[in-house]
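What follows is one structure encoded as structure tokens, with my remarks underneath.
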Amino acid sequence: MDYKNTLNLPSTDFPMKANLVKKEPEILEKWEKEDIYSVIRDTSKGRPAYILHDGPPYANGNIHMGTAFNKVLKDIIIKSKQMDGYNVPYVPGWDCHGLPIESQVDQELGDKKLEMTQSAVRKKCREFADRFIKIQRDEFKRLGVFGEWDNPYLTMNYNYEATIVREFGKFAINGSLIKSKKPIYWCNSCGTALAEAEVEYEDDISPSIYVRFPFVSDLTLNYPSLAGKDIFIAIWTTTPWTIPANLAVALHPDFMYVAIDTPTYGVLILAEGLLEYFLSTAGIEDYTIIERFNARELEGLKVKHPLYSRESIIILADYVTLDVGTGCVHTAPGHGQEDYESGLQYNLDIYSPVDDKGRFTKDVEFFAGQEVFEANRNVIQKLSELGVLIKEEQVTHSYPHCWRCKNPVIFRATEQWFISMDKKDLRARSLNAIRGVEWVPSWGEERIYGLIENRPDWCISRQRSWGVPITIFYCLKCGNYFISQEIVDHVAQLVEKHGTDVWFDLSAAELLPKGTTCPECHGDEFRKETDILDVWFDSGVSFTVLEQRDYLSYPADLYLEGSDQHRGWFHSSLLCSIGTRQKAPFKSVLTHGFVVDGSGRKMSKSRGNVISPEEVINKYGAEILRLWVASEDYRGDIRLSQEILDRLTEAYRRLRNTFRYLLGNLYDFNPLTDTIPYQELLELDRWALHRLQELTETVIKSYKRFEYHSIYQAVYNFCVLTLSSFYLDILKDRLYTSPVNSKERRSAQTALNEILEGLVRLVAPIIPFTADEVWGYLPNKERPISVHADLFIPVREEFKDSSLIKRWDLLLNVRKEVTKALELARKDKVIGHSLDATVSLALPKDLSQGLEDYRDELRTICIVSAVEFVDEGTIEGGYESQEYDGLIVKVMPSPFPKCERCWIHDSAVGHDTGHPTLCKRCVQVI
RNA sequence: GGGCCUAUAGCUCAGUCUCGGUUAGAGCGCACGCCUGAUAAGCGUGAGGUCGUUGGUUCAAUUCCAACUAGGCCCA
């Protein structure tokens, strides 16, 4: 007779092989059909809300691994908060305006652009953004991310654009807005401003000149050695044309400077560290050092401009280096980024006497009307004539060029709009607010604090097309610019209806409320501003979405982005919110690191180490990608490699198989009728339930702390150690051989069911596809349509029994020793399967006390045919425990025949004539 | 060049921070073996680490401090 048919072997349709790549789209379709997101919204009505406000990705390409990581992390938070009892709506967003899209559209259009109106080009930009929003949306959905995908917030939506106009209006009206000069990249031949991304660096040959500026301040008082001499400071530059705009000379605050006396050039002051370099370059051999200075002693002294009869001031700046030159840096605040910052610091004019075509303006003596690059020659000539030129040569260096016309570009100061950091105490109020926000990890606080503390005023204007206009008007009569609440409201209404195209399509008169007159001169003819807003302002006011949708709330509970956003979105959002609402838009801010390759290098095309989300999804499935997100500690760099993916795939299989095995053993279990009350469960099953509570506690706590890698480790170890290699392995005998409806079997199933129900929920936020697939196979069908619409099962205190755990710790430890002994016996070919063995234990006193009541459990948990306790000294040979002094384990092959049904060797096998190959227990079962 | 961050077995993570103190843990992978009633599964045993480097503090440092190296983010 084939007794195998009399066993209760596991049985389930839940497939062992996941085939995620094929299965996931089916599950997505099911979710779509069920409208799972709405179902979750409905079922969680009335629960406390948890608002994670989405940082809008930029809509100009497919998502990369960083975007995928970020979105999955958000989704894990959303799903886990949801299952932890909150109502967690999620409105995804996209950042739509800005230069990258405008540039890409420019390239697609080519020369056609020249014949198009600004609005027509903007329309192309809108279509471009739209295209990629759809693509990215599908990519995010494919990752299993739940959200309001059919109603996201887009910064180019008309109502959002109107909001931007209104928020900008608040700054303008409250007095934070200022207009001032700032140097930007400028292409002389195109006559346009360029963004940083629009310049290309290429090697160029430039003049390199050394010039001496005579001192005006009297140095002889403090330095008598200099008495009676002509004293100069020596500077070096590769842009002679900026000399007319020189207003200062910068020294490094920590460098030493020397004064050298030369027969040809008089006394020259320069950095000590560049003395040798300078002397050899300038060809000076005859000199004497007559004085040394600390740079700080010279700060504020005056020198004379080498060309004009005005003064230039000596200032200090960190960016001065000893690489090349003299350590005394010619500073023209209107023609360089660093020069500009020094100019602000020392309150210098941002002087930039150059027009749109790159020609000196008429008030520039000697060079008026000359194009700056052509003027280089003349400037050098003039310096030479005036006897202030020390040396001229040529250098090859990397210099910025216009990406369009390939000509060299210049820095030119132009009028720009700024939000003042200090006029309305924006900086102070922001710094104060930072202290009230929870930053995770905590160092984020210092990082953003430092940035806000030191940043200059926020330049919010751009000379581009694809963006939200700065809605300011100018009076044609008096030149005054103005804005008012009435104008803001009026324009915002127009924008809400027609989008910001309206600004480009209509005239100033059409855009203004009827009867508007200039508040200064009552003129009635106007022009509109042509600049648009920095896109960081667009996304910076995204918290308005939280106010405008009644199911969201401001401020958000959480903002979550990469650590680069301390300078980006966290930063602009904070400023926008503080500036208009006096409080931070977020209660807490979580940051993650960047995705790097297996050896910690950044992913880049040139390195060839890029792994795309698409690649992972198509080869392994989104679930593996999500498991990766959960498994990595994201506070630092996040590594990704083929090996990591392979490991995760194997781990996934293990998790899946654990679920499958649990399901397989519950095929005949009806929780409603077959559940055994806790107090009547076998000890081992109660032990398992206690372990489940510990796991639940760890996992729920880790979800709260956003520490998903701990969850991954805990769940995985639970499946492998607690379940697979221990509990489930031991349970097999009881599950398979006991009568179907026996208490022992139902006791095991009660525990298994509890474990399955708990586990499937705990992992659902991380592997939502698999969890929901498992959900469909659970024994009891009275449940929500998806695991994601349900809640975690909280820790059940009544399932905890720490004294039981303590007793069993000993059993587990002894088991470990027995397993070692079994392995040795196996090596010696004494046994194969552990059930072939009978084990004799010589126990020291302290052990025998704890084990006396567990003689039978020991046999079961060691999965051997018999365990007997014997006196010390009666055993010969045997394995001596390293853990317990005096514990000796002797493994022998069982002398009894093997029961054909349960595989246990037993003395009673053969005693029953009806079933001569079965043990007593199995005979009874049959 | 500056600000912030990271560095523990081949891989992913514990431990160190708030207590510095016997042989630094886990799983995976690897090697070897068992089973064939979770079977393109399951079980066991074992080998892997001068805790990035160098100094300092200390009776004692992976743990505290400093510098350096490598890498990451943001600036310049």
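So you know, we letter chains A, B, ... as the sequences are listed, proteins then strands, and number each from 1.
Between A/Trp903 and A/His833, the ring planes are perpendicular. Angles over 60° get that label, and only those under 30° would be called parallel. Ring geometry for A/His592 versus A/Tyr634: interplanar angle over 60°, hence perpendicular rather than tilted (30 to 60°).
Nearer to the 5' terminus of RNA chain B, by closest-nucleotide assignment, is the contact made by A/Tyr716 (compared with the other of A/Tyr716 and A/Ser563). Heavy-atom distances to RNA chain B give each of A/Phe594 and A/Ile831 a nearest nucleotide, and the one nearer the 5′ end belongs to A/Ile831.
Note: CG (A/Asp836) to P (B/G44) measures 17 Å, nearest angstrom. What separates OH of A/Tyr708 from C1' of B/U12 is a distance of 18 Å, to the nearest Å. The nearest whole Å value for the distance from the NE2 atom in A/His709 to the C1' atom in B/C13 is 7 Å. Spacing between atom CD1 of A/Ile452 and atom C1' of B/C74 amounts to 14 Å, rounded to whole angstrom units. Whole-Å rounding puts the A/Glu817 CD to B/U45 P distance at 10 Å. A straight line from CG of A/Leu721 to C1' of B/C28 spans 11 Å, rounded to a whole angstrom. Note: CZ (A/Arg639) to P (B/C73) measures 13 Å, nearest angstrom. Spacing between atom OH of A/Tyr712 and atom P of B/C11 amounts to 15 Å, rounded to whole angstrom units.
An OP1 or OP2 oxygen of B/G42 is reached within less than 4.0 angstrom by a side-chain nitrogen or oxygen of A/Arg654. Regarding contacts with the backbone of B/G72, every side-chain N or O of A/Lys602 stays at 4.0 angstrom or more from both OP1 and OP2. Between A/Ser834 and B/C35 there is no side-chain N or O to OP1 or OP2 distance below 4.0 Å.
To the nearest whole angstrom, the two C1' atoms, one in B/C73 and one in B/U58, are 36 Å apart. One C1' atom belongs to B/U12, the other to B/U8, and the distance between them is 12 Å to the nearest Å. Distance noted for atom P between B/U54 and B/A70: 16 Å (whole Å). Comparing B/A66 with B/G48, their C1' atoms sit 33 Å apart, to the nearest whole Å. Distance check on atom C1': B/C19 versus B/C11 gives 32 Å, rounded to whole Å. B/A7 sits 14 Å from B/U16 when the C1' atoms are compared, rounded to a whole Å. B/A26 and B/A14 have their C1' atoms separated by 7 Å, with the value rounded to a whole Å. Taking atom P in both B/U62 and B/G44, the straight-line distance is 34 Å, to the nearest Å.
Pairing of B/G71, defined by two Watson-Crick or G-U wobble distances under 3.5 Å, is identified with B/C5.
As judged by a 4.0 angstrom heavy-atom cut-off over every strand, A/Arg660 is placed among residues touching the sugar-phosphate backbone only. Contact annotation for A/Glu338: backbone-only contact, meaning every heavy-atom pair under 4.0 Å involves sugar-phosphate atoms and none involves a base. Within the nucleic acid shown, A/Ser724 comes within 4.0 Å of at least one base atom, counting heavy atoms only.
For B/A14, its base never sits under 3.5 Å from the side chain of A/Ser710 at any donor and acceptor pair.
Checked against a 6.0 Å centroid threshold, the rings of A/Trp628 and A/Tyr620 do not count as neighbours.
When the nucleotides B/A14, B/G37, B/A41 are ranked by their closest atom to the side chain of A/Leu7, B/G37 comes out on top. Checking B/C4, B/C75, B/C34 against the side-chain heavy atoms of A/Trp443 singles out B/C4 as nearest. Of the candidate nucleotides B/C75, B/A38, B/A40, B/A38 has the atom nearest to the side chain of A/Tyr661. The side chain of A/Ser631 lies closest to B/U12, out of B/U45, B/G71, B/U12. Side chain of A/Gln713, nearest nucleotide from B/A38, B/U12, B/G72: B/U12. Among the nucleotides B/G44, B/C74, B/G37, the one closest to any side-chain atom of A/Asp564 is B/C74. Which of B/U12, B/A38, B/G27 sits closest to the side chain of A/Ile644 comes down to B/U12. Among the nucleotides B/A38, B/A41, B/U45, the one closest to any side-chain atom of A/Lys732 is B/A38.
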Write out a two-atom table: protein N or O, nucleotide N or O from nucleotides 1-3 of chain B, distance below 3.5 Å.
| unit_1 | atom_1 | unit_2 | atom_2 | d |
| --- | --- | --- | --- | --- |
| B/G3 | N2 | A/Arg447 | NH2 | 3.4 |

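In this structure, a donor-acceptor pair under 3.5 Å is present between the side chains of A/His571 and A/Arg455. With 3.5 Å as the limit, one finds no donor-acceptor pair spanning the side chains of A/Tyr716 and A/Ser631.
Salt-bridge annotation for A/Glu650 and A/Arg654: absent, with no side-chain N of the basic residue lying under 4.0 Å from a carboxylate O of the acidic one.
Aromatic stacking is not marked for A/Tyr3 over B/G37, as the cut-offs of 5.5 Å for the centres and 30° for the planes do not both hold.
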CA sep, side-chain torsions, deciding dist, call: A/Arg815, A/Glu857, salt bridge (charged side-chain N to carboxylate O under 4.0 Å, His left out) | CA-CA 10 Å; A/Arg815 179 187 199 254; A/Glu857 266 81 358; over 6 Å; no
Step by step, work out the salt bridge (charged side-chain N to carboxylate O under 4.0 Å, His left out) result for A/Glu561 and A/Lys74.
-> CA-CA 9 Å; A/Glu561 306 298 333; A/Lys74 283 171 180 164; 2.8 Å; yes
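Residues A/Gly593 and A/Ile638 come closest through the heavy atom pair O-CD1, 3.3 Å.
For A/Arg626 (side chain) and A/Pro765 (main-chain N/O), a donor-acceptor pair under 3.5 Å exists by modelled atom type.
Regarding the sugar-base torsion, B/G48 falls in the syn class, its angle being within 90° of 0.
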